[in-house]
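One structure is given below, encoded as C-alpha cells.
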Amino acid sequence: MPELPEVETVVHDLTAAGLVGATITAARILWAPTIASPRADRFRRDLRGRRIVRLARRGKFILMELSGPATLLIHLRMTGRLQIDTPDGPSAPRRFDRVTWQLDDGRMLRFADPRKFGRIWLVPRPEPLFARLGPEPLEISTRSFREKLAARSRALKPLLLDQSFLAGIGNIYADEALWTAHLHPLRKSDSLSPAEASRLRTAIQAVLRRGIRNLGTSLGSGQTHFRLPRGAHGRNREHLQAYGQTGRPCSRCQTPITRIRVAQRSTHVCPRCQPLHPPRYRE
DNA sequence: AAGTGTCCCTGCGAGC
DNA sequence: TGCTCGCAGGGACACT
C-alpha cells in the first residue's frame, strides 16, 4: 500500500531510470475511469510531444512536470504501480495495465492497477489539487505539530490518516509511528502532553525515513504488493514492529501485539507499551 | 467538529 | 481440487 515512503521511492527510481528528459510520443488508455481529468481524448492529445522536465512528490501524489508547462499527477491509492520497461521489452498491454505511455527513447511507462482505485490527472498547475493537503510530515516543526494536535480533539489514528492534517501517512506508518511513540491509537489529540506530542513527531519522521531508506514496504504477494518501477522490492517489511504483527511478541516488552478496529481500519497495538490511559506522564 | 457507514474494486488466503 | 466468503484499504461522500 503506497504511502509517503513508497511514493518517494517510486519517484527516486523513475529518476534513476533516466525518465527526466524523455518525451512522451503517445498515451494509451485501457481503463478510462483511471483518468480523473481531462477527458480521455484530450488527455491523449495534450500529452503527445511533451518532455518530462522533473519528477517530485507531494503527500502520496507523484508529480511529473512536463514541458508546456503541464503536470501529470498520479495517485497509486491501494494497488497502483508504475513500471518502466526496457526498450526491448514487450509493448503489448498486460492484464492490469490501465494507462501506458510510449517514450521517444523506445521505452514504455505503464500504470498497472489491479483494483482500479488509482487516479491520474493532467493539469496546467498542480496547486488546486493540493488545496486540502496538510503539511509534509518530514518538514513540520515541533511547535507547529504540537499546535495542530492541540487544535483538534480527535483520536490519533484517524487524525494521522487524515491527509488534510498531514500529507502522506497511511495505515502502515500510522501504526508504526504510534507504536514507536508509545501512544494508543485512540488517545485524543488534545490530551497529549508536550513531551508526548514531540515524541509522536519524532516517531513519525523516524518511521517514514526508515521506510524511505529501505525502499518502502512490500506486503503480501502476487499482483497487489508494492514494487519499484524497475521491479525491485522494498525491504521495510522486516522492520515493521506493529503493523501485521498480530499475535507476535512486542519487540520491547514481549506482550503479544493485538489487532483492533479504529475508523474501519485494522490497527495494530501493543496493549502494554501503548496504554489508552497512561498512569502518569513519564520522561 | 468528530465519528460512522458506504462505495469503489478485485486478488488472495482461509475454510470447507 | 475447486468453490465460496470475507478481508485488504485511500479517499470521497452522506449522514448522525
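Reckoned from all heavy atoms, side chains included, excluding hydrogens, waters and symmetry mates. In the text below, chain A, chain B and the rest are named by the order of the sequence lines, each starting its count at 1.
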Would you mind classifying the nucleic acid contact of A/Lys157 as base, sugar-phosphate or nothing, using non-hydrogen atoms under 4.0 angstrom?
nothing
Should A/Gln163 be listed as having a side-chain N or O under 4.0 Å from OP1 or OP2 of C/dG11?
yes
Judged by nearest nucleotide, the residue sitting upstream toward the 5' end of DNA chain B, A/Pro114 or A/Ala263, is A/Ala263
In whole angstroms, the gap separating P of B/dA1 from CG of A/Leu159 amounts to 13 Å
- Query: Any side-chain donor paired with an acceptor under 3.5 Å for A/Arg201 and A/Thr142?
  - Reply: yes
note: A/Leu161, atom CG; C/dG11, atom P; distance rounded to Å ~ 9 Å
A/Arg115 atom CZ is separated from B/dC7 atom C1', nearest whole Å, by 15 Å
Testing B/dT4, C/dG9, B/dG3 for proximity to the side chain of A/Gln264, the answer is B/dT4
| said: Distance criterion of 3.5 Å, no angle test: do you see the side chain of A/Arg119 paired donor-to-acceptor with the base of C/dG10? | reply: no
Item checked: Sugar-phosphate, base or nothing in reach of A/Arg95, heavy atoms under 4.0 Å -> sugar-phosphate
From NZ of A/Lys148 across to C1' of B/dA2 the rounded distance in Å is 16 Å
| task | Would you tell me if any nitrogen or oxygen in the side chain of A/His75 comes within less than 4.0 Å of OP1 or OP2 on C/dG10? | result | no
Quiz item: Is any side-chain N or O of A/Lys116 closer than 4.0 Å to OP1 or OP2 of B/dC8?
Solution: no
Between CG of A/Leu76 and C1' of B/dC8 the distance, given in whole Å, is 17 Å
- Message: Please classify the nucleic acid contact of A/Phe165 as base, sugar-phosphate, or nothing, using heavy-atom distances under 4.0 Å.
- Response: nothing
query = OP1, OP2 of C/dG10 versus side-chain N and O of A/Tyr173: anything below 4.0 Å?
reply = no
Sugar-phosphate, base or nothing in reach of A/Phe61, heavy atoms under 4.0 Å = nothing
Taken to the nearest whole Å, CZ/A/Arg81 to C1'/B/dT10 is 15 Å
Using modelled atom types only, decide if a donor and an acceptor are shared between the side chain of A/Gln241 and the backbone of A/His239 within a distance under 3.5 Å. yes
Discussion item. Quick check on C/dG11: is either OP1 or OP2 less than 4.0 Å from any side-chain nitrogen or oxygen of A/Lys60?
Written reply: yes
Looking only at heavy atoms, the pair that brings A/Ala197 and A/Phe145 closest together is O-CE2, 3.4 Å
Exceeds 12 heavy-atom contacts within 6.0 angstrom, atom CZ of A/Arg248: no
From CZ of A/Arg132 across to P of C/dG11 the rounded distance in Å is 11 Å
- Relative to the ring of A/Phe43, is the ring of A/Trp101 parallel (under 30°), tilted (30 to 60°) or perpendicular (over 60°)? tilted
Using a cut-off of 4.0 Å on non-hydrogen atoms, how would the nucleic acid contact of A/Ser266 be classed: base, sugar-phosphate, or nothing?
sugar-phosphate
**Asked** Is the phosphate of C/dG9, meaning OP1 or OP2, less than 4.0 Å from a side-chain N or O of A/Arg77?
**Response** no
Any side-chain donor-acceptor pair under 3.5 Å between A/Ser153 and A/Asp190?
yes
**Asked** Does the ring of A/Phe117 lie flat against the base of C/dG11, closer than 5.5 Å centre to centre with planes under 30°?
**Response** no
**Item:** Distance test, side-chain N/O of A/Arg154 to OP1/OP2 of B/dA1, below 4.0 Å
**Value:** no
Atom CG of A/Asp162 and atom P of B/dA1 are separated, to the nearest Å, by 12 Å
